[in-house]
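Along the sequence shown, the residues carry numbers beginning at 1. We count ligands from 1, going down the list as the structure has it; atoms in each ligand are counted the same way. In this text the structure is predicted, and so the values were computed from the model without any measurement.
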Amino acid sequence: MAEHASSATRGIDRLVEVAFNVPVDRTFTYLSAEGAERLPIGSRVVAPFGRRSIAGFVVGYPDAAPDGVVLKTITRSANELPLFDAGFLELARWVKRMYYCSLGETLAAMIPGGRREVSLPSIADDVAASQTELELSAEQASALEAVFASPTGLYYLYGVTGSGKTEVFLQAAERTIASGRSVIYLVPEIALTHQLLDAVRHRFDGRVAVLHSRLTPSQRLTEWHRIRRGEARLVVGARSAVFAPVGDLGLIVLDEEHDGSYKSGSAPRYHARQVAMKRVAEAGGRMMMGSATPSVEAWHLMDSGAIVRLSLSQRLSGGAMPSLEIVDLKKDPGPLSQRLIAAMRETHTAGRQSILFLNRRGFAHFFHCRTCGYEMRCERCSVGMTYHKERDLMVCHYCGYRVRPVSQCPECGSLDVGYSGFGTERIGEDLERLFPEWSIARLDTDTARRRGVLERTIEEFRAGKIDVLLGTQMVAKGLNFPGVQLVGIVLADTGLHMPDFRAAERTFGLVVQVAGRAGRFHPDGRVIVQTYAPENGAIARAVTGDLDGFYANELAARRELAFPPFSRFIRMVIRGGDRAAVARDADELGRRCVARLRSAEEILGPSECPLSVIAGNVRHQVIVRTNRFGATHQELAALLSGYTPSAGVYAEVDVDPVSLL
Ligand code: ADP
Ligand code: ZN
Ligand code: ZN
């Protein structure tokens with residue numbers, strides 16, 4: 001009582017509500033410094049929190065002090081303009097609710113410098129966009145007209161690789177800015193290439209802000225304020241740029257819509273596509289997506305008419321679609337089949353270059369004993385260890401754990417042990433042996449670890465000094481080289497057998513995208529797809545170019561199983577170091593879901609996740625499937641607000657998960 005009375009006399013005009021980047025779903029009340037002016041919404045502050053002092057944001061002004069608490073005073077406020085306004089805060093509250101996390105966590109993810117981002121290496125693309133406006137082809141022009149025929153709406157440029165989507169996006173941006181409104185242009189991080197940036201800097205001189213992970217925190221902040229002041233009217237960036245604080249948003253471009261990097265892997269686990277749709281709906285703007293391989297959800301929305309499909313069918317820079325051939329590795333054994341080797345020789349004789357793609361690094365990804373069946377697995381994860389020959393180590397690709405390779409079975413002592421399953425390192429060795437006189441380069445996160453290797457390799461490949469470029473994802477996207485004639489996909493099935501309902505979609509997209517690297521500038525591109533599963537629909541349809549068939553078939557299968565987009569999933573992962581506690585907490589969560597989620601169609605689990613341990617964390621999951629998303633989402637919010645896992649156990653909620661591993 002005494003405390004209450006004293007807080008009342010402090011004056012409510014000094015009270016501020018602060019959100020911190022902590023996983024606690026509440027905000028905290030503080031007092032502004034004595035005599036200081038009232039801090040505006042969006043101010044960054046530092047305040048005592050527990051035994052520490054941490055940074056937070058002012059998000060409101062309570063009209064009464066909470067009962068029975070001695071209020072603390074804000075220790076410091078950053079001497080800068082507020083970072084956001086009330087409209088931005090409203091968006092943050094929507095994100096927080098939608099993805100079940102705290103307001104502070106959400107703001108930290110939305111605002112530059114709020115959270116450390118992983119930086120990917122940059123790749124200099126040689127041809128992506130022209131620095132000056134091009135005259136549109138008839139297809140491009142009618143797509144652009146369709147978008148501007150109405151003041152709002154969702155549009156999809158569905159066009160083969162190299163069909164000039166970028167040019168349409170840039171001209172749509174120009175038109176939007178000319179009408180006085182702002183544009184956000186999203187690309188996967190890896191696609192933030194020099195060429196796109198050069199093009200936007202030339203065309204939108206002084207009016208563009210680029211938000212990417214290589215900026216220092218203070219550079220990001222500078223760009224952020226330029227956007228807030230309305231100086232930058234076009235914002236280019238990866239996932240989190242969807243939150244850019246532009247005024248009067250007229251257009252959001254989401255290039256390579258299918259790309260997995262648009263979904264955040266940590267709280268809030270938002271999808272940039274979903275946030276973008278929300279933002280354009282609020283602002284009364286347009287959204288343009290684009291890809292040669294739309295996500296299955298987006299395709300479904302196009303079929304239903306919710307997204308307008310605009311097709312671009314022609315390559316515009318002298319290329320044609322390459323011819324694709326399939327090699328059955330059961331008949332023409334690998335890792336490099338005779339057919340692929342012969343094609344590489346022909347390409348070399350013709351003075352052209354090859355790209356080999358394999359989505360798996362290391363030398364071998366499987367160490368096993370032929371006597372007792374022992375398999376070497378990571379001690380801290382439920383996955384196999386990968387053998388890296390150059391480093392002479394067995395490495396876990398999930399947690400980085402490493403051990404020395406052994407030549408004897410640790411279980412039974414047998415010497416009959418061996419490696420199987422090949423990675424890029426192994427293919428590189430095979431290539432050196434097969435073509436000792438050629439110049440061969442490998443690009444994966446192991447080789448690109450060394451500074452400058454990536455840029456140098458790309459440069460040399462472009463200059464024709466490298467005959468064969470071998471690599472992982474790094475060579476799959478954004479690289480367009482005139483000299484490339486042949487693309488070889490060493491193993492198309494790497495992701496096919498994952499226990500994940502999107503495995504077929506990913507495999508299909510990857511084959512089509514990688515194949516798209518061939519024939520960009522010459523009509524003689526050739527693609528060889530090696531596989532153990534030539535009859536698999538995703539691979540077969542990617543090879544024959546039957547995209548319509550793939551989507552129709554995949555949607556029919558998903559409908560049959562009532563999987564997204566015919567239902568929605570909310571996944572909860574319970575993780576922690578103590579196996580028993582995790583199992584107990586997951587069981588309890590599962591019980592509550594069964595009891596309280598009246599609107600859900602199905603509650604799957606609790607069960608172990610397919611990746612049941614990662615970095616020493618035991619993982620269990622409960623997946624909720626619903627056809628009444630709004631109702632289930634609300635019921636779950638109520639349930640979760642009363643659910644606290646044991647000490648050392650954490651619950652991660654993922655709305656519309658893209659992976660169920
Ligand atoms: P996409 O994004 O669809 O894969 P790009 O935007 O990379 O395709 O375009 C492929 C190539 O076509 C680029 O070199 C681009 O400059 C060129 N291009 C685009 N539009 C035109 C046009 N209207 N006339 C001539 N060339 C064009
Ligand atoms: Zn053994
Ligand atoms: Zn591990």
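Listed by chain and number, Cys378 SG, Cys381 SG, Cys396 SG, Cys399 SG are the protein N/O/S atoms closer than 2.8 Å to the Zn ion (ligand 3), with waters left out. Taking distances strictly below 2.8 Å, the protein N/O/S atoms close to the Zn ion (ligand 2) are Cys369 SG, Cys372 SG, Cys409 SG, Cys412 SG.
For ligand 1 and Thr161, the ligand atoms under 4.0 Å from any heavy atom of the residue are 4 (O). Below 4.0 Å from some heavy atom of Lys165 lie the following atoms of ligand 1, by number and element: 1 (P), 2 (O), 3 (O), 4 (O), 6 (O), 8 (O). Listed by number with element, the atoms of ligand 1 under 4.0 Å from a non-hydrogen atom of Ser163 are 1 (P), 3 (O), 8 (O). Here is the list of ligand 1 atoms found below 4.0 Å of a heavy atom in Thr166: 2 (O), 5 (P), 6 (O). Distances below 4.0 Å separate heavy atoms of Gly162 from the following atoms of ligand 1: 1 (P), 3 (O), 4 (O), 8 (O), 10 (C). Listed by atom number, the atoms of ligand 1 under 4.0 Å from Leu134 heavy atoms are 16 (O), 18 (N), 19 (C), 20 (N), 21 (C), 22 (C), 26 (N), 27 (C).
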>> Test ring pair (Phe, Tyr, Trp, His ring centres under 6.0 Å) on Tyr156 and Trp299; report intermediate values, then the result.
In response: CA-CA 9 Å; Tyr156 206 112; Trp299 190 271; 8.3 Å; no

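With values rounded to the nearest 0.5 angstrom, His397 atom NE2 is found 7.5 Å from Thr445 atom OG1. Rounding to the nearest 0.5 Å places OG1 of Thr176 at 4.5 Å from CG of Leu251. Annotation: the span from Ile184 atom CD1 to Met287 atom CE amounts to 10.5 Å, rounded to 0.5 Å. Distance CD1/Ile355 to CD/Gln485: 12.0 Å, rounded to 0.5 Å.
Residue-environment remark: CZ (Arg579) stays at or below the threshold of 12 foreign heavy atoms within 6.0 Å.
For Glu135, every heavy-atom contact with ligand 1 shorter than 4.0 Å involves the backbone, none the side chain. Residue-level proximity to ligand 1 for Leu136 is carried by the backbone, the only part with a heavy atom below 4.0 angstrom.
By the 4.0 Å N-to-carboxylate-O rule, Asp654 lies too far from Arg571 to be salt-bridged with it. Between Arg456 and Glu459 there is no salt bridge, since no side-chain nitrogen of the basic residue lies less than 4.0 Å from a carboxylate oxygen of the acidic one.
Side-chain atoms of Glu167 come within 3.5 Å of backbone N or O of Leu134 as a donor-acceptor pair. A donor-acceptor pair under 3.5 Å links the side-chain atoms of Gln140 to the main chain of Ser137, judged by distance alone. Judged by distance alone, with hydrogens and angles left aside, the side-chain atoms of Arg526 form no donor-acceptor pair with the main-chain N or O of Pro322 at under 3.5 Å. At least one donor-acceptor pair under 3.5 Å links the side chain of Arg207 to the backbone N or O of Arg203.
In terms of heavy atoms, Arg352 sits closest to Gly483 at NE-O, 3.3 Å.
When the options Ala141, Ser137, Gly164 are ranked by their closest heavy atom to atom 9 (O) of ligand 1, first place goes to Gly164.
A cation-pi contact, defined as under 6.0 Å to the ring centre and within 45° of the axis, links Arg175 to Phe148.
The shortest separation from a heavy atom of Gly159 to ligand 1 is not under 4.0 Å, leaving the residue out of contact.
Looking at heavy atoms from C-beta onward, Thr293 lies in side-chain contact with Gln513 at the 4.5 angstrom threshold.
In terms of N/O distances under 3.5 Å, ligand 1 is not approached by Glu167.
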